[in-house]
Amino acid sequence: MITRGKNITQPPMTARDFKATLRLPESAFSMKADLAKREPQWLDRWKKAAIYRSLLERPAKGTFVFHDGPPYANGNMHYGHVLNNTLKDFVTRFRTILGERVKFVPGWDCHGLPIEQNVEKAFGPKLREMTASQRRAKCREEAEKWVKVQSEQRQRIGMMGTWDDPYLTMKPAFEARILEALAAFVDRGIVYRGLKPVWWSSAERTALAESELEYEESHKSPSVYVRFKGDESVKAALKKRFPTMLDRGDVYAVIWTTTPWTLPANRALAVHPAMEYVLLERSDSDGKLEYLLVAEPLAKAVCEACGWSKPELLPRTMHGAETAFVGNELLGLKFAHPFEDRESPVVSALYVEATAGTGIVHTAPGHGRDDYNTGVANGLEVYSPVDDAGEFTEELGPVAKSWGIVGKHVFAANPLIAEKLSELGVLCNKPGDFIVHRYPISWRSKKPLLTRATVQWFIAMDELMATGPHAGKSLREVALSEIDRLAADGADAEREGRESRGWIPAAGRERIHGMIAGRPDWCISRQRVWGVPIPALHCAHCGHANLTGALVRHVAKLFAQKGADAWYDESESVVPEGFACAQCGKSDSFTRDMNILDVWFESGSSYFAVCADQPDLGFPVDLYLEGSDQHRGWFHSSLLVGCATHGSAPYRTVVTHGFVGEKVEQRLADGRVKTLIKAMHKRDIEEKRSRGEDVSVYDPLKMVATDGAEILRLWVATNDYSDDVGLSKAAFDQVKDNYRAIRNVSRFLLQVLRGEVVETVEALGAAGVALGPLDQWQYNKLATLVARCETAYRQYDFRAVIAMVSEFVSDASGFYLDVAKDWLYNDHRSSDRVRSTLAVCDAMVRALAVVLAPILPFTAEDVWDFVPKREGDASSVHLCLWPSLGAPQDLHLDDAVRAVRALRERVNLALEPLVQGWGVEKKTAEKEQRAAGADEARWPESLRIDHARDADAVATVSKDEATLLAPLSGVVTECLLLGGVTVNVHDGAHSVTIQRGTKPQCTRCRRRLRDVDDSTTLCRRCTDAVARWDAEHPSA
RNA sequence: GGGCCCAUAGCUCAACGGGUUAGAGCGCCCGGCUUAUAACCGGGAGGUUCCGGGUUCGGGUCCCGGUGGGCCUACCA
């Protein structure tokens, strides 16, 4: 055999090969994880072993109620789900390992528009011929399909939970609980019927939801400028400023609109309180003067649009008075409606802009959201003389009626209205003028939409509640104080520093608080069939809509047995025995209300349906954990429902996470490249998926199939979920590297154990064997890690867990394990220091498996499988409890280790030039030399050292340092990984000199030692170890 | 348009109520070991803490204003 190499020591041919006598690392635990293939096998095993059930049945230290926010049963799992579900599973598994009982009941949101739309797309016009129940059946099938798909996908990424009995909002029991929640609101007296403007498609005769809107980019609309004549109040107000002027002509306010058909419903003129308005003086064709009120910044544009060639802006001052007004000064002035006999007051609205129109906005509360809000704020009538078909009704005012537009479609009436305005002389521009702009149309018929006030059911935010724990307060008041109660609790928890509570991150409080404070009344009715009906009964005699707590509860009981289909199928049983109209007292004829509840009301009731009053669960729930969009959604609706049913928030803690986005690079102006997250909008995702496209190159389902769920889980854990989480190849490659590092150290620990059941640290102590100083230090480090990880988990800081574990593992690999190899391999198995180190390695691998189990359940189980088992050890890592290593102890070993590692660093630094062949403090010039092929060998060949153990060091340390090193004096050489070390104690600058080791090398442990026997080529330690080994292996 | 939030090394993140020379892990570069070997060890190079002001003895940290990004929401009369 020819060995080529610089310094490989070739043992004499006669020498015995001692390899067999070494205790080298050995384990069947594979380096390769092969996760994609093996994960399903573990899932299968856990299922067969009924791990989850046995966790629920074992004696618990308490209960942790974690309530799953229901994903919508529509479409495949995407990265947002992965992020959310993985975080949830971290919590579930961690709390379980703490010994608490965690019944995690996964759920799905099954009702609602998107599913109904899917079904509509699939069935088309045929759907029209079906009954409500038939349509509902189709929707149910659709929802069931996706529940099944998502259930499999969620389980595949390792989620632990009650998969055989999830909660579905479409189950009869759940539907009944929704109504019970509604009954609570009814009891409190805060449910009412009112008008609300909605987007309405006259072609389909239905209201449309936001998601059903499409926009026509170049829609042509009429453009009319209309003047409203000021009445006496205007004159009176202006006269103070311009005593003479107003005798010369009338004052008009000019408005602009693209919907002339809404003019009959005009109820006010809105101005911005801070905008500047001016009067234009103009003489009409008869030479009569008139004064036109418009916003100052728009005056010129209005004149152009109306063809006023010589309007004059009133001079800045006239008769000593300022002629410009601030909007505020106009409030309350009254102008005459352009054709009906009524007045339009000037009101304030902050949305009035100076970018288009006249700065004075025609306001019809029955025909626009802003207008509606303005109307409500100013006590205006919500008036909408338009029917389902989009045609004018008899409710029109007498003048408009006289134009013969009753029964005419509003858009068809537009030109006629413009003509009439022109005839009346109130139109400032020409009747045929139009503009092209973006306008909403129906997704199905593509016909333009109109805004129309319709009758809806509402929950009042500010009405005082009549009953319940907070009778006399409004829902908004209670909800806001609950938000603050949670925030205060969170602040307390932060001071304690142990376990986080309340709003996490704390900014969540600001968000939901702002939303609750600013939200309008809750519109809970929807004009659809796939949902839970609002069980109101309309009296056929007087038309009164009856909705009482007793009625709702009666229907709830019916739903509990037969499901919500009963509302559509059973016209008689829905009416309680002896039920009479609250208004007219008649009891013989009722029609059912055909609205369903907002799906947010349903999911907002989920804690009530799933947790409250349930064994192993309860109220309030410990934790809700969802994306930050749920401040508007589920957290929000759950809070409102909770305040109505129980008088408090249904959760103690709300954790929110950000969104998953694709990483993109952007070159900045200064040439630097900045990495940004480009979020993937939910709508884009749905759209792309519906076309069968991959949403991203990093499709999560594909990732699971190729790299395994574990990589995704680790990706989640390494990111700061409170912010948006990035998605890129670089990020995933890094996660895989992190994974390997953790896996490899676990593997090495298992290899060190070699499948042997070793003594525990406690057992060693009992046997009178003290841990070696390094072992003690490492064990202490492990105890610290475990304690800190527990805190991090309790604070939902999974990132910190991984960061600390990674650092721990990297440090152990680089120092403790590297150093201990010497005796682990070479000492006899029964030596105290091997026993001691093995006990620590055993503790390490066990603790790591359990600590990582919540985040890496598959890998932890893989490791656990190979941990040599003692009696009483659990068969699965997921049945284990959090490691108890005792409190970390301060044995002053930290200082010793710090000192020895500082010395090691100095030695390494001194060694480096001798190993590397050139000065370590080389600068750029040398680097270039090297690149140019310059002579590398700045050090004589005789000084070259290939490996630390071929070197001896002479180190000088201070007295203080020597004192610190004392506890480790026996293992300094090992810690430095050198052949030999001479430590001189000397005050002054410390120094290290490296020289080639001159002592003979032991062929077994390869260290250079004075005590190597020439004949055996073994050192004392190895001689002893081999002798004992030989005695134990007589046959060998 | 409004509300809330985010920005530190190539990547993922640290840096307790302002306080040494802004750290860690991974990646990258150079080298070693061949007894963790698709592993392991040593060394090294990477930062305008997004930009601009302000407060302060002192700013990654606090304040104001930008820029970029995200979530929610409103509107286009």
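We use all heavy atoms of the structure for the numbers below, so side chains are in, but hydrogens, waters and symmetry mates are not. Protein chains get the first letters and strands the later ones, always in sequence-line order, with residue 1 at the start of each.
Side-chain atoms of A/Arg511 come within donor-acceptor range of the base of B/rC71, with a qualifying N/O pair under 3.5 Å. A donor and an acceptor atom never sit less than 3.5 Å apart when one is taken from the side chain of A/Ser806 and the other from the base of B/rA24. Side chain A/Glu807 to base B/rG25: no donor-acceptor pair is found below 3.5 Å. A donor N or O paired with an acceptor N or O is found under 3.5 Å between the base of B/rU35 and the side-chain atoms of A/Arg1006.
Of all nucleotides listed (B/rA77, B/rG25, B/rC41), B/rA77 comes nearest to the side chain of A/Val352. Nearest to the side-chain atoms of A/Asp720 among the listed nucleotides B/rC71, B/rC13, B/rA74 stands B/rC13. You'll find that the side chain of A/Met31 is closest to B/rU37, out of B/rU35, B/rG42, B/rU37. Of the candidate nucleotides B/rC5, B/rU35, B/rU12, B/rU12 has the atom lying nearest to any side-chain atom of A/Asn719. Checking B/rA77, B/rA36, B/rA74 against the side-chain heavy atoms of A/Asp370 singles out B/rA74 as nearest.
A distance of 6.0 Å or more separates the ring centres of A/Phe635 and A/Trp503.
Between the side chains of A/Arg519 and A/His636, a donor-acceptor pair is found at a separation under 3.5 Å. Using modelled atom types and a 3.5 Å distance limit, the side chains of A/Thr451 and A/Trp199 yield no donor-acceptor pair. Under the 3.5 Å distance criterion, with hydrogens and angles disregarded, no donor-acceptor pair is assigned to the side chains of A/Arg747 and A/Ser27.
Pair assignment for B/rC26 gives B/rG10, based on Watson-Crick or G-U wobble hydrogen-bonding distances that are each under 3.5 Å.
Note: NZ (A/Lys821) to P (B/rC40) measures 9 Å, nearest angstrom. Distance, A/Arg788 CZ to B/rA24 P: 16 Å, rounded to whole Å.
Across all strands, A/Ala803 comes closer than 4.0 Å to no nucleic acid atom at all (heavy-atom distances).
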